[in-house]
Each structure stands twice: as C-alpha cells, then as structure tokens.
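No hydrogens, no waters, no symmetry mates; every other heavy atom, side chains included, goes into these values. Here is the naming used below: chain letters follow the sequence lines, and residue numbers restart at 1 for every chain. Because the structure is predicted, anything quoted here is derived from the model rather than measured.
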Amino acid sequence: MLDIRLIRDDIDAVATALLKRGFTLDVERVRGLEEERKTAQVETQTLQAERNQRSKAIGQAKAAGEDIQPLKDEIAGLGDKLKTISTRLDEIQGELDTLLMSVPNLLHESVPEGKSEDDNVEVRRVGTPLEFSFAAKDHVELGESLGQLDFERAAAIAGSRFTSLRGGLASLQRALTQFMLDTHIEKHGYTEVYVPYLVNRESLKGTGQLPKFEEDLFKIEGESDYYLIPTAEVPVTNLVRDQILESDSLPQRMVTHTPCFRSEAGSYGKDTRGLIRQHQFEKVEMVQIVKPEHSYETLEELTAHAEALLQALELPYRVMTLCAGDTGFAAAKTYDIEVWLPAQNSYREISSCSNFESFQARRLKARWRNPETSKPELVHTVNGSGLAVGRTLLAIMENHQNEDGSINIPAVLQPYMRGKQRLEKDVA
RNA sequence: GGAGAGGUGGCUGAGUGGUCGAAAGCGGCGGUCUUGAAAACCGUUGAAGGGCAACCUUCCGGGGGUUCGAAUCCCUCCCUCUCCGCCA
C-alpha cells in the first residue's frame with residue numbers, strides 16, 4: 001500500500017509514476033473520495049466532540065446531585081445525526097481503502113522502462129553453458145528413463161501439474177533443500193524459521209497477494225478462511241506484522257523451506273511439460289526485515305546469496321532486472337535469476353529477489369523504533385527465493401547429464417547423498 | 001470434544017458505567033551526582049488520524065449492540081491459559 005499522504009500531497013506525480021508500470025490511477029475518483037472523506041470526517045469529529053463535552057457535563061451535574069433530565073433532552077437527536085454521518089464516513093473510508101489496496105507499489109528509479117519480459121535488462125551472466133557432444137535430453141525424458149520421475153502416477157493421485165519422485169531423484173531434491181538451507185544459515189547469516197503452510201486472509205493482504213490475486217491461490221473449504229501458501233514469503237514476512245521492533249534487532253535475516261501451492265490459473269497451455277510449472281513445489285525462501293536506508297544494499301546481498309548456490313552447483317545463469325511492466329504488484333525493484341536449461345536452449349527463472357520498500361510494511365504495520373526520533377517507523381522488506389528447489393533439480397538433471405542418461409551429482413551435494421556421485425537407473 | 005479463567009500502552013500489570021488514554025513497576029529518553037560508569041534521585045515517555053494552528057477525534061483482542069456517556073454492561077467471533085477426554 002502506498003502512503004495516503006503521498007497521494008494527497010501530489011496525486012498527479014503518483015499517477016505519472018504508476019503509469020510507468022502500466023497502471024492507471026483513477027485520479028478523479030480518488031480526489032472525489034478524498035474530498036468527501038474530509039468533509040465527513042470533520043463533521044463526524046465535530047459531533048463527537050460535542051457529544052463528549054455534553055456527556056461530561058451530565059456526569060458532573062449528576063455528581064453534584066442536579067437533575068440531569070433537561071440536559072439529556074437538549075441533546076436528543078445528536079446521536080442519530082452522528083450515526084448517520086459516521087456511517088457515511090465509514091463507507092467512504094472503505095471505498096478509499098479498497099481502491100488503495102489495489103494500487104501497486106511505486107518503482108525504484110533504477111527500474112528500466114518496458115512493457116513485458118522482453119524488455120527486462122540483463123545485469124550479468126555467470127558460467128558458460130556446456131557444449132554437449134550428444135543431443136541433450138530434457139529432464140522429463142531423463143527422469144522417466146531413470147524410473148525416478150513419474151507424472152502419470154501423480155496425475156492419477158491428484159491431477160495435472162503434480163509430480164512424484166522416487167529413489168535418487170527424490171533424495172536429490174531433499175539434498176538440494178538441505179544444502180541451500182545450510183549454506184544460508186552457515187555462510188550467509190540467516191536464521192532458520194518454521195511457519196504455517198496455511199494462512200488467513202489478513203496475512204495475504206499484508207504481503208500483497210490479496211485482494212487482487214485471489215485466483216492464483218488455493219483456498220481451503222471449511223469454516224475458517226485458510227489459504228495454502230503460494231510462497232513462504234507470506235508466513236515469514238507476517239512474523240513481524242503489528243510489531244514494533246527494536247533498532248538493534250534489525251536486520252532480521254530469516255530463511256525457511258516450505259512447499260508452495262499455486263493454482264496457475266491463467267497459465268493454461270504454458271509449460272505443461274515437466275517440472276517447470278507445478279501446483280505444488282518446494283522452495284527455500286530468504287526474507288529480510290531491514291531499516292529503510294539499507295534495503296537496496298540488502299537486495300544486492302540477498303541476490304548474491306541466491307547466486308552463490310548456483311555457482312556452487314555449477315549451473316550457468318544470468319541476472320535480469322525486471323522492467324517496469326514486468327515488476328510484480330508489491331515490488332519496487334526485482335532481480336530475476338535465470339538458470340540455463342540446455343534442452344530448452346534458454347534461461348528460465350529460478351529465483352526472484354525483490355525490495356518492497358515500505359509497501360508490505362505499511363499493510364502489515366511492521367515498524368521499528370528509530371532511536372534518532374524515538375518514533376516507530378515502517379521497516380523495509382526484502383525477499384527472494386534461494387532457490388526454487390524443483391526448478392534447481394531439473395536444472396541439475398539437464399546441465400549435468402551424461403550421454404548414457406545418468407546424471408552427475410554436484411560435489412557440494414554428495415555429502416547429502418550418502419557419498420553418491422551420479423544418478424543411474426536402479427539395477428535392482 | 002467437555003469444564004473453567006483470561007486477552008489493557010514497548011513489556012509486566014491495576015482499573016468493573018462518568019473529568020480514564022488509563023494506576024504502579026520495568027524498559028526508553030533527558031538531567032543531578034561521578035574522573036568515567038553503575039547505583040540513587042528528579043523529570044519525561046503510547047499509537048493512529050484530521051486541522052495552517054490553538055486544538056480536536058479514534059484506539060483497552062476483532063465486529064456489533066445498550067446508554068447522554070463504555071476498558072467497564074449485553075451479543076458474537078478470534079486467540080491464550082488451566083483441568084478432563086482423545087490423538088500424529
């Protein structure tokens with residue numbers, strides 16, 4: 001959510017800035033509602049002040065043993081009047097809130113212009129894709145011929161866009177998760193957290209998934225409004241909702257591994273083959289709660305933390321700055337890390353690292369006490385995948401495959417794989 | 001699932017219809033003292049919103065109600081704790 005004062009002060013500047021990402025702010029509607037709000041609020045408060053004053057006088061009269069009936073008669077009707085106008089105020093405020101909740105974040109000045117992912121800007125490219133002396137297979141073919149990847153069974157159990165793994169591949173996914181967590185904890189200074197995988201509406205509003213993106217989520221049927229998390233960003237960031245954090249407790253660096261669930265509505269026909277786009281996938285997520293002046297250096301650091309994993313796993317990748325039109329609703333700036341996939345002969349997203357500045361914090365009422373002002377101020381939130389485990393798994397399969405269909409296990413993962421060096425078809 | 005007790009400021013915790021935004025303590029900030037620090041003492045210190053300002057409004061788990069007036073009474077939902085039962 002944007003600062004309402006920013007909108008009041010210079011709505012045209014805000015509207016212009018939002019236009020950069022292709023969002024049209026209904027300036028006239030906001031102006032109109034603000035106007036009404038002001039009138040209704042002043043009127044409500046005036047009536048409330050009068051009521052308070054009169055009531056106090058009645059209290060005093062009663063204490064003095066006087067007859068209070070005449071005083072009560074004097075304010076007959078005031079209650080109804082107040083009720084009418086304050087109800088109107090609530091309505092206006094509600095409309096304004098709804099409108100404001102669906103306005104995306106302002107972009108950082110360094111975000112390049114552009115409409116779609118085609119306009120994203122490459123920042124750097126690390127590692128060189130291997131030249132295979134044979135025709136590289138894709139991960140579906142590799143996994144199925146190993147007998148360790150089975151989409152059919154998963155489809156029977158649940159439906160399309162689900163996976164089942166077996167044997168070495170199942171272990172490798174777990175090994176990857178473990179390796180990622182350990183690296184962030186031991187080398188990058190993160191604290192591991194464990195969080196709910198079902199969350200309430202408030203939490204999703206806080207991080208910006210609701211009210212706008214309901215269709216992307218899986219909702220649980222039942223008395224309570226639970227949603228399956230689309231990313232650990234939701235529960236982890238909500239750890240600081242409604243909190244006033246002490247200055248010395250910042251920055252908070254948190255990491256967790258969770259399954260993620262996405263309905264993938266609107267992506268029919270896209271990435272239907274393989275592990276790329278699933279309803280359920282594993283992800284390791286980094287979340288940092290920081291002081292505002294540090295959020296951009298934090299974004300760089302956190303992106304580097306994700307990159308470190310790809311380097312250790314010997315996977316070629318590139319880092320992209322998302323352009324204005326491709327940057328997500330809540331983010332002020334986003335780097336996507338894209339891993340090389342030989343079978344697709346292209347780079348595909350494996351991590352997304354964003355600075356949300358105070359956008360999420362304002363919705364969450366997540367604040368810190370600034371010692372200089374001794375006042376609570378909004379924190380900044382920064383997060384990123386480190387990494388999407390399922391996609392990393394398929395990247396390893398494709399990049400580290402051999403001609404015979406076996407897959408080399410990167411050295412850093414071998415300790416997590418009971419010393420195993422390659423995945424091969426089980427003879428047994 | 002059954003029975004009971006609770007949810008109050010950054011924290012602990014008093015307050016059960018009227019000058020209560022709320023005692024007290026802790027913590028924070030400022031000061032006295034000290035070579036410096038600690039201790040002690042004095043003062044100060046909730047959040048959000050409106051208005052150029054004086055000032056005003058709202059907030060005692062969420063929502064609704066009663067009343068001239070609600071932290072306090074009523075309804076409802078959520079959460080926490082204790083005991084019993086069941087259980088990964």
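- One interatomic measurement links the two molecules: CG of A:Leu89 to P of B:rC59, which rounds to 13 Å at whole-angstrom precision.
- A 6.0 Å sphere centred on CD of A:Glu109 holds no more than 12 heavy atoms belonging to other residues, nucleotides or ligands.
- For the pair A:Leu245 CG and B:rG28 P, the computed distance is 17 Å after rounding to whole Å.
- The distance from atom CH2 of A:Trp368 to atom CG of A:Asp248, rounded to the nearest 0.5 Å, is 11.0 Å.
- Put simply, the side chain of A:Asp326 never gets that close to the backbone of A:Asp119: no donor and acceptor are under 3.5 Å apart.
- Looking only at distances, a side-chain donor or acceptor of A:Lys20 sits under 3.5 Å from a matching main-chain atom of A:Val111.
- If you take atom P in B:rC74 and the same atom in B:rU67, they sit 16 Å apart, rounded to whole Å.
- The strand RNA chain B forms stems, runs of 3 or more Watson-Crick or G-U wobble pairs with distances below 3.5 Å, at B:1-7 with B:78-84, B:10-12 with B:24-26, B:27-32 with B:40-45, B:46-50 with B:55-59, B:61-65 with B:73-77.
- Using a 4.0 Å heavy-atom distance criterion, A:Asn52 is classed as a sugar-phosphate-only contact.
- With respect to A:Glu34 and A:Arg37, a salt bridge is recorded, a charged nitrogen being found less than 4.0 Å from a carboxylate O.
- In this structure, CD of A:Gln48 is placed 12 Å from P of B:rG69, rounded to the nearest angstrom.
- Once rounded to the nearest 0.5 Å, the distance linking CE of A:Met397 with CD of A:Gln148 reads 8.0 Å.
- If you take atom C1' in B:rA71 and the same atom in B:rG21, they sit 10 Å apart, rounded to whole Å.
- Each of A:Gln53 and A:Glu246 was assigned the nucleotide of RNA chain B with the nearest heavy atom; the assignment lying further toward the 5' end belongs to A:Glu246.
- Take the nearest nucleotide of RNA chain B for A:Thr44 and for A:Gly79: the residue whose nucleotide is more 5' is A:Thr44.
- Nucleotides B:rG15 and B:rG9 have their P atoms positioned 16 Å apart, rounded to a whole Å.
- Between A:Tyr197 and A:Phe261, the distance separating the two ring centers is not shorter than 6.0 angstrom.
- Looking at heavy-atom distances under 4.0 Å, A:Gln60 makes contact with a base.
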Write down the protein N/O and nucleotide N/O pairs, taken from nucleotides 44-46 of chain B, whose separation is under 3.5 Å; answer none if there are no such pairs.
none

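- Rounding to whole angstrom units, CD of residue A:Glu50 and P of B:rU58 are separated by 13 Å.
- B:rA23 sits 40 Å from B:rG2 when the P atoms are compared, rounded to a whole Å.
- Other residues, nucleotides and ligands contribute over 12 non-hydrogen atoms within 6.0 Å of the NZ atom of A:Lys212.
- For the C1' atoms, the distance from B:rG61 to B:rC81 is 15 Å, rounded to whole Å.
- A donor-acceptor distance shorter than 3.5 angstrom exists from the side chain of A:Thr256 to the backbone of A:Val193, with no hydrogens or angles considered.
- At a threshold of 4.0 Å, the pair A:Arg201-A:Glu214 counts as salt-bridged, since one of the basic side-chain nitrogens sits closer than that to a carboxylate oxygen.
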Please tabulate the protein-to-nucleotide N/O contacts below 3.5 Å involving nucleotides 62-68 of chain B, giving atom names and distances.
unit_1: B:rG65; atom_1: OP1; unit_2: A:Lys83; atom_2: NZ; d: 3.0
unit_1: B:rC68; atom_1: O2'; unit_2: A:Ser55; atom_2: OG; d: 3.0

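- Phosphate contact (OP1/OP2 of B:rA48, side-chain N/O of A:Arg367, threshold under 4.0 Å): present.
- Rounded to an integer number of Å, the gap from A:Leu198 CG to B:rC78 P is 17 Å.
- Between B:rA24 and B:rA14, the two C1' atoms lie 7 Å apart (nearest whole Å).
- Comment: A:Lys291 does not engage A:Glu293 in a salt bridge, judged by the lack of any side-chain N to carboxylate O separation of less than 4.0 angstrom.
- For the P atom pair drawn from B:rG30 and B:rA38, the interatomic distance equals 12 Å after rounding to whole Å.
- Rounded to a whole angstrom, the distance from the P atom of B:rG7 to that of B:rG49 is 28 Å.
- Residue A:Arg369 places its CZ atom among more than 12 non-hydrogen atoms of other residues, nucleotides or ligands, all under 6.0 Å distant.
- With rounding to whole Å, A:Asp242 atom CG is found 14 Å from B:rG10 atom C1'.
- Atom C1' of nucleotide B:rG49 and atom CE of A:Met1 are separated by 13 Å, given to the nearest angstrom.
- For the pair A:Arg37 CZ and B:rU57 C1', the interatomic distance rounds to 12 Å; values are reported in whole Å.
- A:Glu264 has no carboxylate O lying under 4.0 Å from a charged side-chain N of A:Arg161, or vice versa, which leaves the two without a salt bridge.
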